[in-house]
Undergrad: 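So that we are looking at the same thing, I have put the structure below in structure tokens.
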Amino acid sequence: MTEPTSPAPSDFIRDIIDEGLRANKHEGRVATRFPPEPNGYIHIGHAKSVCLNFGIARQYQGTCNLRMDDTDPLGESMEYVESIIRDVRWLGFDWEDRLFYASDYFEKLYQFAVELIKTGNAYVCSLNAEEVRENRGTFTEPGKESPYRNRSVAENLDLFARMRAGEFADGAHTLRARIDMASPNIVMRDPVLYRVKREPHYRTGDQWVIYPMYDFAHCLSDAMEGITHSICTLEFENNRPLYDWIVERLISGPRPRQIEFARLNLSYTVLSKRRLIELVKKNYVQGWDDPRMPTVTGMRRRGYTPEAIRNFCAQIGVAKNDNLIDVSLLEYCVREDLNEKAPRAMCVLRPLKVVIDNYPEDQVEQFECQNHPQRPELGTRQVPFSRELYIERDDFMEDPPKKYHRLGAGREVRLRNAYVIKYESMVKNEQTGEVVELHCTYDPQTGNATPSDGRKIQGVIHWVSARHAVSAEVRLYDRLFTIEDPGSEEEFLNYLNPASLTVLKTCYAEGSLQNAKPGSPYQFERLGYFNVDLDTQADKPVFNRIVPLRDSWTKIAAGEKKKT
RNA sequence: UGGGGAAUCGUUCAAUGGUAGGACGACGGACUCUGACUCCGUUAAUCAAGGUUCGAAUCCUUGUUCCCCAGCCA
């Protein structure tokens with residue numbers, strides 16, 4: 001919607017690309033890739049990377065591949081592959097016929113490894129995991145060379161072939177790069193390239209019992225796909241020398257360049273796969289698509305739109321600074337988009353019955369209501385009005401403060417799209433003291449006009465005709481955690497927000513919401529944006545609150561409270 | 001501690017030796033049959049200390065703080 005007019009984004013990565021283009025690297029080609037590991041659902045942090053990689057491809061008329069980085073069979077599955085495909089598509093991106101799997105390269109990668117052995121750049125090491133760790137040294141001390149470092153090429157070739165053939169147990173041997181055990185960069189101390197893992201792979205089955213490590217597979221996958229700019233997150237900066245080391249030895253011609261940017265952190269949530277998995281597996285949320293989750297599928301169910309998420313990703317920018325983006329920016333982007341597209345409707349969340357004493361018992365009037373105040377092309381709908389209504393409990397106070405523009409003793413208020421009503425009396429439950437019913441009178445002149453005597457009505461409240469109301473369930477969501485940066489806490493579960501979900505089962509929606517389709521967003525006037533949930537039944541719609549409307553009253557009320 | 005990175009309004013991104021700017025937030029106001037939207041305004045920053053320069057967020061020096069790396073994870 002805003003895309004054609006929005007300026008081309010600029011950041012340090014695009015600067016590097018521009019520079020490369022000027023120097024005519026890669027024959028003016030730009031090729032990126034989004035390389036998730038299919039061992040979990042993608043989240044808003046991945047969305048940043050998706051937007052970056054696909055966005056760059058679009059901007060430079062290049063290509064962006066979707067590649068499953070599936071080199072560790074543990075935890076990977078087709079379910080995750082499918083979810084990633086669905087989510088990236090939903091975000092609005094297209095990789096055409098370029099869906100790739102690192103696992104499709106296993107044979108080629110094996111041949112590359114053989115090549116490395118032949119040139120004396122790799123060897124089979126028979127140290128076990130613990131011994132390798134001990135020999136690696138520390139930050140301050142160099143590592144020790146493996147006793148197997150100087151095996152002959154022939155022996156290495158033989159051993160590596162037998163590793164592949166399944167002659168050895170897990171961990172018995174590894175293939176290691178012969179680099180430098182004294183390197184100040186620990187990544188370069190003869191890193192493991194292949195490990196034996198007798199684990200079936202979700203795609204290759206038991207065809208393989210050795211699997212390449214990320215460092216070996218990733219750079220070569222990039223090279224084989226002709227990737228020009230391999231964009232990844234900051235924690236891989238230390239791995240870049242290894243990336244280059246491998247590619248330089250095995251690939252001729254133009255090589256991909258790795259560029260690192262800072263991953264997204266979002267306030268009041270966690271974005272590490274490990275932690276998200278824990279939330280799901282231990283049932284702190286109801287699944288990957290729980291609307292409280294920062295997963296793409298969760299946000300979709302919540303009712304966030306792809307446009308809003310893309311715009312958010314554009315707003316936050318790309319840099320190398322560690323960041324913690326305030327979730328209010330995301331909410332702003334969601335509201336901005338939904339304000340445009342969501343039709344308005346009325347729904348009462350916490351109902352309080354109102355009887356209009358001077359309104360005829362059997363009378364029903366239809367009020368024509370605009371579906372969108374700024375977009376008349378979205379049309380109108382008929383909303384019935386009758387003697388008994390529901391209003392929001394919050395919209396009545398027995399003894400309201402001055403600035404309260406709603407119903408209270410002696411107060412008048414506008415019913416949205418309908419009459420001005422005036423408070424007359426209330427009925428209380430004698431035991432509890434709770435107000436159970438209000439009696440009001442209406443001013444017949446005010447149907448679609450301001451009062452003829454010129455008096456100003458400050459407040460406008462939403463309402464639903466009791467007789468015509470549709471029973472609905474509404475789910476209110478709040479931030480999942482109570483602290484800004486739960487991701488930085490080891491015991492992050494201690495900071496779960498116990499009130500992150502509130503289920504309201506006795507809500508009343510206007511009749512037009514009867515057949516609302518799952519996935520459609522509405523603005524419930526004065527409340528917020530709501531999405532029709534998957535759990536919706538024919539006779540019982542279920543709505544998720546996507547995000548509340550900005551609310552300046554709460555602040556005023558808080559200020560009032562302080563004064564008294 | 002060795003290596004690799006990063007430090008600019010509360011948050012985040014920009015300024016590439018020449019007026020420190022935008023967005024979000026916060027605060028104030030206008031408008032209003034949504035206390036929404038919209039509009040207007042205010043707030044507020046160069047990690048520190050030296051140096052180079054007519055001029056420094058930017059270049060140099062010395063510090064300081066934060067992040068990443070010792071998986072056969074990615």
Side-chain angles (χ1 to χ4, degrees), chain A residues 9-11 15 35-37 39 69-72 74-75 125 127-130 132-134 136-143 170-176 183-189 191-197 210-211 213-215 217-218 232-241 260 262 267 273-274 315-326 328-333 335-336 339-340 344 346 369-370 372-374 403-406 413-418 420 446 448-450 457-462 484 523-528 548-557:
Chain A
S10 163
D11 52 62
D15 289 347
E37 185 189 9
N39 66 350
D69 210 350
D70 53 358
T71 58
D72 179 2
L74 235 84
C125 176
L127 258 22
N128 65 34
E130 198 183 327
V132 169
R133 193 184 335 117
E134 281 163 6
R136 189 148 33 217
T138 67
F139 290 147
T140 46
E141 306 155 59
D170 283 15
H173 306 279
T174 55
L175 184 74
R176 293 230 256 160
S183 171
N185 181 354
I186 290 177
V187 171
M188 298 300 271
R189 318 241 261 229
V192 171
L193 266 20
Y194 266 88
R195 72 282 213 184
V196 178
K197 211 172 219 184
I210 58 172
Y211 293 97
M213 299 289 291
Y214 165 85
D215 285 306
H218 200 93
C232 65
T233 45
L234 246 31
E235 66 269 27
F236 290 102
E237 218 149 15
N238 294 320
N239 302 47
R240 187 174 359 121
E260 310 86 11
S267 64
K273 218 176 250 185
R274 195 206 100 211
Q315 296 297 318
I316 58 176
V318 180
K320 296 189 74 158
N321 304 330
D322 289 326
N323 59 74
L324 180 61
I325 305 283
D326 198 319
S328 66
L329 179 62
L330 213 207
E331 292 175 343
Y332 167 84
C333 292
R335 287 192 192 104
E336 186 187 43
N339 179 49
E340 277 278 308
R344 315 283 122 129
M346 291 194 286
C369 303
Q370 284 218 300
H372 196 293
Q374 282 84 37
K403 286 181 183 162
Y404 185 81
H405 300 154
R406 309 180 192 182
V413 75
R414 159 78 64 183
L415 293 176
R416 174 71 166 155
N417 294 311
V420 172
T446 54
N448 51 20
T450 47
I457 309 295
Q458 274 273 32
V460 180
I461 65 173
H462 58 281
E484 264 206 303
Q523 185 198 97
F524 292 168
E525 295 205 52
R526 304 209 307 130
L527 295 176
L549 252 30
R550 270 186 60 192
D551 175 16
S552 43
W553 164 243
T554 318
K555 286 174 204 162
I556 297 167

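Chain A is the first sequence line, chain B the second, and so forth, proteins listed ahead of strands; every chain is numbered from 1.
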Undergrad: How close do A/S10 and A/D15 get, counting heavy atoms only, and between which atoms?
TA: OG-OD1, 4.0 Å
Undergrad: Tell me the closest heavy-atom pair linking A/L324 and A/S267, and the distance in Å.
TA: CD1-N, 3.7 Å
Undergrad: Partners of A/C232 by side chain to side chain contact (heavy atoms under 4.5 Å, CB included), sequence neighbours excluded?
TA: A/F236, A/Q258, A/E260
Undergrad: Quantified in whole Å, what is the C1' atom distance between nucleotide B/U42 and nucleotide B/A74?
TA: 47 Å
Undergrad: Quote, to the nearest angstrom, the P distance that separates B/G29 from B/G22.
TA: 23 Å
Undergrad: What distance, rounded to whole Å, do you find between the two C1' atoms, one in B/A45 and one in B/G25?
TA: 15 Å
Undergrad: With a 3.5 Å cut-off and no angle check, do the side chains of A/N185 and A/S183 form a donor-acceptor pair?
TA: no
Undergrad: NZ/A/K320 to CG/A/D11 distance, rounded to the nearest 0.5 angstrom?
TA: 12.5 Å
Undergrad: Give me the distance, rounded to whole Å, that separates B/A23 from B/A44 when you measure between the C1' atoms they each carry.
TA: 14 Å
Undergrad: Taking protein heavy atoms under 4.0 Å as touching, what does nucleotides 27-37 of chain B look like 5' to 3' if B marks base contact, S marks sugar-phosphate-only contact and - marks none?
TA: S-----BBBBB
Undergrad: Does any non-hydrogen side-chain atom of A/H462 lie less than 4.5 Å from one of A/L527?
TA: yes
Undergrad: Taking the P atom of each, how far is B/U46 from B/U52, in whole Å?
TA: 23 Å
Undergrad: How far does the P atom of B/C59 sit from the matching atom of B/C68, given to the nearest Å?
TA: 26 Å
Undergrad: Output the rounded distance in Å from CG (A/N323) to P (B/U8).
TA: 12 Å
Undergrad: Would you say B/A7 has OP1 or OP2 under 4.0 Å from some side-chain N or O of A/N321?
TA: yes
Undergrad: Walk me through whether A/N128 and A/E130 qualify under side-chain hydrogen bond (donor to acceptor under 3.5 Å, both in side chains).
TA: CA-CA 6 Å; A/N128 65 34; A/E130 198 183 327; 5.7 Å; no
Undergrad: Starting at the 5' end of RNA chain B, what dot-bracket string do you get if Watson-Crick and G-U pairs under 3.5 Å are bracketed, crossing pairs use [ ], other-strand pairs use | and unpaired bases use dots?
TA: .((((((..((((....[..))))((((((.......))))))...(((((..]....))))))))))).....
Undergrad: For the P atoms, the ones on B/A26 and on B/U11, what distance do you get once it is rounded to whole angstrom?
TA: 15 Å
Undergrad: Mind checking the OG1-CZ spacing from A/T450 to A/R414? Nearest 0.5 Å is all I need.
TA: 7.5 Å
Undergrad: Determine, for nucleotides 65-74 of chain B in 5'-to-3' order, which nucleotides have protein heavy atoms under 4.0 Å from the base (write B), from only the sugar-phosphate (write S), or from neither (write -).
TA: --SBBBSBSB
Undergrad: As an exercise, state the distance from CZ of A/R406 to CH2 of A/W553, rounded to the nearest 0.5 Å.
TA: 6.0 Å
Undergrad: Just label B/G28 as syn or anti from its O4'-C1'-N9-C4 or O4'-C1'-N1-C2 angle, using within 90° of 0 for syn.
TA: anti
Undergrad: Considering only B/A6, B/U12, B/C13, which nucleotide approaches the side chain of A/K320 most closely?
TA: B/A6
Undergrad: Would you mind building the protein contact string for nucleotides 17-24 of chain B? One character per nucleotide, 5' to 3', B for base within reach (heavy atoms under 4.0 Å), S for sugar-phosphate only, - for untouched.
TA: ------SS
Undergrad: Using a cut-off of 4.0 Å on non-hydrogen atoms, how would the nucleic acid contact of A/V420 be classed: base, sugar-phosphate, or nothing?
TA: nothing
Undergrad: Sequence neighbours left out, what passes side chain to side chain contact (heavy atoms under 4.5 Å, CB included) with A/I316? Give chain and number order.
TA: A/K48, A/L264, A/F312, A/I325, A/L329
Undergrad: Which value, in whole Å, describes the distance between the C1' atoms of nucleotides B/U53 and B/G17?
TA: 9 Å
Undergrad: So which heavy atom on A/H173 is nearest to which on A/V196, and how close?
TA: O-CG2, 3.7 Å
Undergrad: In Å and rounded to the nearest 0.5 Å, what is the CD1 to OG1 distance from A/I457 to A/T446?
TA: 8.0 Å
Undergrad: Measure across A/F139 and A/I186 and return the closest heavy-atom pair with its distance rounded to 0.1 Å.
TA: CD2-CD1, 3.3 Å
Undergrad: Restricting to non-hydrogen atoms, name the atom on A/R344 and the atom on A/N339 that form the minimum distance, rounded to 0.1 Å.
TA: NH2-O, 2.6 Å
Undergrad: Taking CG from A/D15 and C1' from B/C13, how many angstroms apart are they, rounded to a whole number?
TA: 13 Å
